[in-house]
Amino acid sequence: IAEIQVSSVLMPFLVELSGTFTPYSLNVAMSLKSKWSQRMYELCQKWHGTDGFRISVEDLRKSFALEDKYKMYASFNQKVLQVAKR
């Protein structure tokens, strides 16, 4: 038997974590071929059960951690979004 005690200083952070994560199927995520499709899956799961979502191209770039890459939408679309779609 093991007993674990969590500091009262850490407890608020741990409780907050339980309400701020996005659940998704690990099997599905691992079966996706590219890191872009995995990230797109995470974003879609975040909004699962809603009527959809709108996101600016700038915010989408941030979601993919590509703020400084693919400045032209055509490049971003070809190199990231279309790869995720496939």
Using side-chain contact (heavy atoms from CB on, under 4.5 Å), reason through Leu60 and Val80 one step at a time and then give a plain yes or no. CA-CA 10 Å; Leu60 192 56; Val80 179; over 6 Å; no
Residues in side-chain hydrogen bond (donor to acceptor under 3.5 Å, both in side chains) contact with Asp59, at least two apart in sequence or another chain: Ser56
Contacts satisfying ring pair (Phe, Tyr, Trp, His ring centres under 6.0 Å) that involve residues 55-74 (not counting sequence neighbours) are Trp36-Phe64
Shortest non-hydrogen separation from [X] to [Y] and the atoms involved:
| X | Y | answer |
| --- | --- | --- |
| Val83 | Gln78 | CG2-O, 3.9 Å |
| Ser63 | Arg39 | O-NE, 2.7 Å |
| Ser37 | Ala84 | CB-O, 3.6 Å |

In the structure I gave you, are the side-chain heavy atoms of Met72 and Asn77 within less than 4.5 Å of one another anywhere? no
Rounded at 0.5 Å granularity, tell me how far NZ in Lys79 sits from CG in Leu66. 12.5 Å
Hits for salt bridge (Lys or Arg N to Asp or Glu O under 4.0 Å) against Arg61, two or more places apart or cross-chain, chain-then-number order -> none
Could you check whether atom CD of Glu67 has more than 12 heavy atoms from other residues, nucleotides or ligands sitting under 6.0 Å from it? yes
